[in-house]
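Here is the structure we will look at.
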There are 2 protein chains.
Amino acid sequence: MVSQRGEGETTTTPAEAADKERARAIPEAAVARLAVYLRVLSGMAESGVTAVSSEELSQAAGVNAAKLRKDLSYIGSYGTRGVGYDVEVLVSHIERILGLTRNHSVAVVGIGNLGHALANYGGFPGRGFPVTALFDVDADLVGIPVGGIPVNHIDEITAICLEREVSIGVIATPPPAAQSVCDRLVSAGVQCILNFAPVVLQVPDNVEVRKVDLAVEMQILSFHVARRADEAASVSVGNNGLGVDGMVIRP
Amino acid sequence: MVSQRGEGETTTTPAEAADKERARAIPEAAVARLAVYLRVLSGMAESGVTAVSSEELSQAAGVNAAKLRKDLSYIGSYGTRGVGYDVEVLVSHIERILGLTRNHSVAVVGIGNLGHALANYGGFPGRGFPVTALFDVDADLVGIPVGGIPVNHIDEITAICLEREVSIGVIATPPPAAQSVCDRLVSAGVQCILNFAPVVLQVPDNVEVRKVDLAVEMQILSFHVARRADEAASVSVGNNGLGVDGMVIRP
DNA sequence: TACCGCTTGTGAACGCATGCACAAAGTCGG
DNA sequence: CCGACTTTGTGCATGCGTTCACAAGCGGTA
């Protein structure tokens, strides 16, 4: 593996510099899995487990062992052949790669049912994501503390986000408000947005959006239900097609 | 395109039979996007739009036009060259492919903050997902209606799910309870599960699980924040590396 | 009717991700 | 000290998904 840039690596430790070089090359899919490994590993650490093999860890994380090793190889070689991985070491390296050594302050916009749930989502498991601001349009909510943090009016987004250095904005508003809220967050310098509103947000290139869409998840499941019912139907009814349409098949 | 099975296609309409054949071949990723297209199209239909081109629709859905056309081609050729797509036609075909013509009754387990939010998530946009049962371990909650549906005790899962023909189970419990709840749902014949608990669920092959993991989403965002900060650092500080570690760069 | 311009549908090329299989590298027992 | 055993790290092949580019097809127009 050849490092293509020789600059900017003198005052940081070699390990950190190497991490940063690698971070660029980690596939999107692998990043998501690393987060899962991290959680599993944290659980193991709490249970007093100090070492783990790729086989054990992969099973606990629900993935293929080879894939796990490849994922870990993206962040460096921190295992010991013939033995496995040191849990603590792995945890700290994954945390560093995922940027969890910084503190990412989070703002939640839209304090409805979901917003409440998010605000109370106790410090986000695996810590590092303090919710530091809540916003809503409803003047009646302003000032009321939710999960220990007082709600601010939505017009204060820019000022407060800048002041509290919010790096992640969570949108939990009704769909019609989402784009406007998003625009305000962006103009407040927020570069990462987690969107729960069922809307496709338009953002500048330098802003990262991830969306969690309950309706879409349900519909994907629905698709699989349908596909299964169809398969069951073609198998169980042979060549007459009875019961194929609109009827739930329970074998 | 050659149909490989000649059986079971006589009593359903040709269009439906063709749909079912195709359903097997639709890539997972495309299914997720079809759900998005469906929402956008539904919105257009309500606004009185009757026709749409791949270019317009793709922009509204936030994807590449070519990808959109390919996705639509998986469900058949329902566009008109030189004109575009009929909104109504597209809506009904996507609904059929996604299995939204059946009614999927949903059970939510774990009526905490998130469970409340889900139970109140009014009929799930794009309808077709009636929440018909709520469960919790807490005896104090039993009988209290949430979102119009009374909460049942968790021990009743099997009986009630079978009775109400629940096809999708939503797990919104604390992590330690998730696997046990999952097992109960499975034994009640539920084949599709949407899991909000940060736990890797073990299920038999015939059960489909999708997970929504807030911590993972946040950590993926965190990764991107970190990567960006690093890039900004290497660009802005040249070859001395100052400000690279732990410091947030705001250009 | 014949032509023109527009948009779809798709074959083909590319790139990313997954899984396999094995060499490299370490530990442990004798 | 050596050999056997275990487990990592990774080159390579395979498959899936995305993107490009263009022929095919349709409506409108003269």
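Proteins get letters first, then strands, A, B, ... in listed order; numbering begins at 1 in each.
Contacts of A:Glu28 with the nucleic acid, taken as non-hydrogen atoms under 4.0 Å apart, involve only primed sugar atoms and P, OP1 or OP2.
Between B:Ser54 and the options B:Arg69, B:Lys67, B:Gln59, a side chain to side chain donor-acceptor pair (under 3.5 Å) holds for only B:Arg69.
D:dT8 atom P lies 14 Å from atom CD1 of A:Ile75, rounded to whole Å.
Relative to the side chain of B:Lys70, the nucleotides C:dA12, C:dG26, D:dA24 differ in distance, and C:dA12 lies closest. Nearest to the side-chain atoms of A:Ser77 among the listed nucleotides C:dG19, D:dT8, D:dG9 stands D:dG9. Checked against D:dT8, D:dT18, C:dT10, the side chain of A:Arg69 finds its nearest nucleotide in D:dT8. Distance from the side chain of A:Ala29 is smallest to C:dT18 among C:dT18, D:dT8, D:dT18.
Between the B:Ser222 side chain and the A:Leu98 main chain, a donor and an acceptor come within less than 3.5 Å of each other.
Note on B:Ser53: every side-chain N or O is 4.0 Å or more away from OP1 and OP2 of C:dT7. OP1 or OP2 of C:dT18 has not a single side-chain nitrogen or oxygen of A:Tyr74 nearer than 4.0 Å.
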Which is it for B:Glu28 and A:Arg227 under the salt bridge (charged side-chain N to carboxylate O under 4.0 Å, His left out) test, yes or no, and what are the steps along the way? CA-CA 12 Å; B:Glu28 199 57 33; A:Arg227 197 170 51 76; over 6 Å; no

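Between the base of D:dT8 and the side chain of A:Arg81 there is a donor-acceptor pair shorter than 3.5 Å.
Each of A:Leu72 and B:Asn64 was matched to the nucleotide of DNA chain D holding its nearest heavy atom; the match closer to the 5' end belongs to A:Leu72.
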